[in-house]
Amino acid sequence: MIKQFLAVLRNDFKAVFRSKQYLILLGSLLLYSFYINFIYSQGDIPGYQVYVYDALTQSGSAAEITQVNSEQGLYDMLNMDREAIGVVKSKSGSKIIYNDTGSPRLNNLKYYYAWQATGRESADYNTQILGSITQSEQKRIEMTSVVVFFEITAISFLSIAALFFKEKQMGIIKVYSILPVKKSMLVLSKIVVFLVLKICFVLLMGLLNLDIAYFQQIVLKVMTQILVLSPLMVLLGFMCSLQYRNFKQFVFAYTVIIVAFTSPVFLFVNTQLNWRGIRYFPTYHLYNNLRQVFFNRATPSAGYYLVCGATLIILYLINLKMINREMKRS
Amino acid sequence: MIKVEQLSFAYKPPDNVLHQLNFTVNRGEIFGFLGPNGSGKSTTQKVLLGILPDYQGSVIINDYHIKEVAGGFYEDIGVLFEMPYLYSTLSAVDNLKYFSNFYPRHRVRQIDELLDLVGLERGFRHKQVKHYSKGMRQRTSLARCLLNSPQTLFLDEPVSGLDPAGAVLVKQIIKQEQSRGTTIFLTTHNMFVADELCDRVAFIVEGRINTIDTPDKLKHSHSDSIVEIEYLDRGQKKQISLDAQDFNKNLRFSNDRIVSIKTRGQTLEDIFIKLTGKRLSND
């Protein structure tokens, strides 16, 4: 069984290398890295202009304020709730503390939010930003997360279909129907091949475009997201390629998926545009979680992983059923 | 050995495409399954191979009940498809090496010996299959289906796409396999191949088996000769075939002149047409 699986795996790796897909991967890696390093991260986005209307007659504090017993307790709270803002008031000096958002605009807003919430009683608060990153780094992280997501959702999806349509064209699926091999191996092998390729891609993207020390901090979290995202897209790609009789039909479905489900996510997550409906797109949650871990912010909830796990199992079973159907049909 | 009892199958129940088929193929026998396109040959073969498990009746091959087939069943069989399905970007040797991974080592035959057997030129063995002619691909496919020393062979149009020399070689190999005790289920609409190779043949039409017998017995029991007349009709060359006994009754037809008259014995195709009212091929 293991010998058979290794044989299928080796063959799928060879097929990927023969089809020169690694060149596309390598090419896109270099192209995107060039773009991130020399174009995107070099651009300058001005911060918010802050206008202060000092109406001292107004008073009161925000209902969100919670008292903690010690300074250490405050840091612990900030570690747990990375969106929260801490305020330390002491004789030696008062300070506003928050986790870096990666965006100077948001950092400013956080500062003034805390200042407002505490009743603006002192104008000389010091600022302590935890896990600080520069604007250029923030841009690199942002674009790296976009590229990784695009690479996995769009390119992987297309690559698996191209690989499978080629096998279909050669009639190999018919041969598998009469071989003493478990059909599940055919799916598992492709998942492993593309997972390995994507892990390599993400590692190289991280090393080429992010600060190495920073990348070390997030690499495990990012890989966890890749472990979810890559098999999902491979299974979806495999399913679509089994569903459609030829590559033309598949390309139509692919275009619909990219235009309708993937592109809007970039639009609504990375720009100021806002639309509540985007939360109903599965791709929104996949991208948003990937982005969050790239920025070393809150990690996805157990519920998210549960839904992803269930989806993976369902897609896997659908794939097996569709392989059997394809074998009967052929 | 293959034992089929009351086999019925429907892709969309209750519209059966196979109707209560019964036949047995003995160990070491070459059994021809003859029928025109759409007669149920391929569906029967898919049922026998365990690809269509939702059938009614009983199918036993090499002591395996086909409804419950596992990997072990596929270790014992070899299947040659009508089209040569191979990885076109691999060489013949690499294809065979790859497929050999799925069988127990003690069953796998030597790749070079197999390629010698099917007559694939040594110069091509390490070239990618995409550079092969159809005949060379078919030979490689035949080598693939013999790779695991199968007890039962399923051959679908085994000489299709081969040149005459290749066809002779493949027929020799099939006979050779039979002499090793291999049971062979041969699906074809080429009556010459069936006549030459098969110990017994079954005629299948519209999902029903019409006749099962040896080619010799079938020809003997329908031994009337055929009279073939070539003639010119308004300058065009035409041909009619008549049963010898009806020769006098049907001799009246318009013609400028008769070119030739010759007699021949009944072929398997003639008998097929006589028994089923259908032609084997559309050619």
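In what follows, chains are A, B, ... by sequence order, proteins preceding strands, each numbered from 1.
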Problem set entry | B:E206, CD: over 12 other non-hydrogen atoms inside 6.0 angstrom | no

Exercise. Heavy-atom distance under 4.5 Å to chain B: side chain of A:F5, backbone, both or neither?
Worked result: neither

Problem set entry | Atom group of A:K166 that falls short of 4.5 Å from chain B, counting heavy atoms | side chain

Exercise. Given a strict heavy-atom distance threshold of 4.5 Å, which part of B:D54 is in contact with chain A: side chain, backbone, both, or neither?
Worked result: side chain

Seminar exercise, completed: Distance col, row A:M170:CE vs B:M83:CE, nearest 0.5 angstrom, shows 14.0 Å

For this session: Check B:N101 against A:R10 and note the closest heavy-atom contact, atom names and distance.
Result: ND2-NH2, 4.0 Å

Exercise. In this structure, are over 12 heavy atoms from other groups packed under 6.0 Å from B:K12 atom NZ?
Worked result: no

Exercise. Under a 4.5 Å heavy-atom cut-off, does chain B meet the side chain of A:E167, its backbone, both or neither?
Worked result: side chain

Problem set entry | Heavy atoms of other groups near B:K175 NZ, more than 12 under 6.0 Å | yes

Exercise. Roughly how far, to the nearest 0.5 Å, is NZ of B:K46 from NZ of A:K174?
Worked result: 7.5 Å

Exercise. B:L90, B:I77, B:V129: which one forms the most heavy-atom pairs within less than 4.5 Å of chain A?
Worked result: B:L90

Problem set entry | Heavy-atom closest contact (B:Y98 atom, A:N11 atom, distance) | CE1-CB, 3.4 Å

Problem set entry | A:K221 NZ: over 12 foreign heavy atoms closer than 6.0 Å | yes

Exercise. Does a sphere of radius 6.0 Å around NZ in A:K183 hold more than 12 heavy atoms from other residues, nucleotides or ligands, not counting ones at 6.0 Å or beyond?
Worked result: yes

Exercise. Between CG of A:N324 and CD1 of B:I51, what distance do you get to the nearest 0.5 Å?
Worked result: 10.0 Å

Exercise. Any chance CZ of B:R208 has more than 12 other-residue heavy atoms, nucleotides or ligands included, within less than 6.0 Å?
Worked result: no

Exercise. If you take all heavy atoms of A:I178 and B:R144, which pair is closest and at what distance?
Worked result: CD1-NH1, 3.9 Å

For this session: Verify the neighbour count for atom NZ of B:K134: are there more than 12 heavy atoms of other residues, nucleotides or ligands below 6.0 Å?
Result: yes

Exercise. For atom CG of B:D63, is the number of surrounding heavy atoms from other residues, nucleotides or ligands below 6.0 Å larger than 12?
Worked result: no

For this session: Under 4.5 Å heavy-atom distance to chain A, tell me which part of B:Y103 shows up: side chain, backbone, both or neither.
Result: both

For this session: Measure B:Y11 against the heavy atoms of chain A and call it side chain, backbone, both or neither at under 4.5 Å.
Result: neither

Exercise. Does any non-hydrogen side-chain atom of B:F81 lie less than 4.5 Å from one of A:V175?
Worked result: yes

Exercise. Roughly how far, to the nearest 0.5 Å, is the OH atom of B:Y85 from the OG atom of A:S177?
Worked result: 10.0 Å

Exercise. What is the minimum heavy-atom distance between A:P180 and B:F102, and which atoms define it?
Worked result: CG-O, 3.2 Å

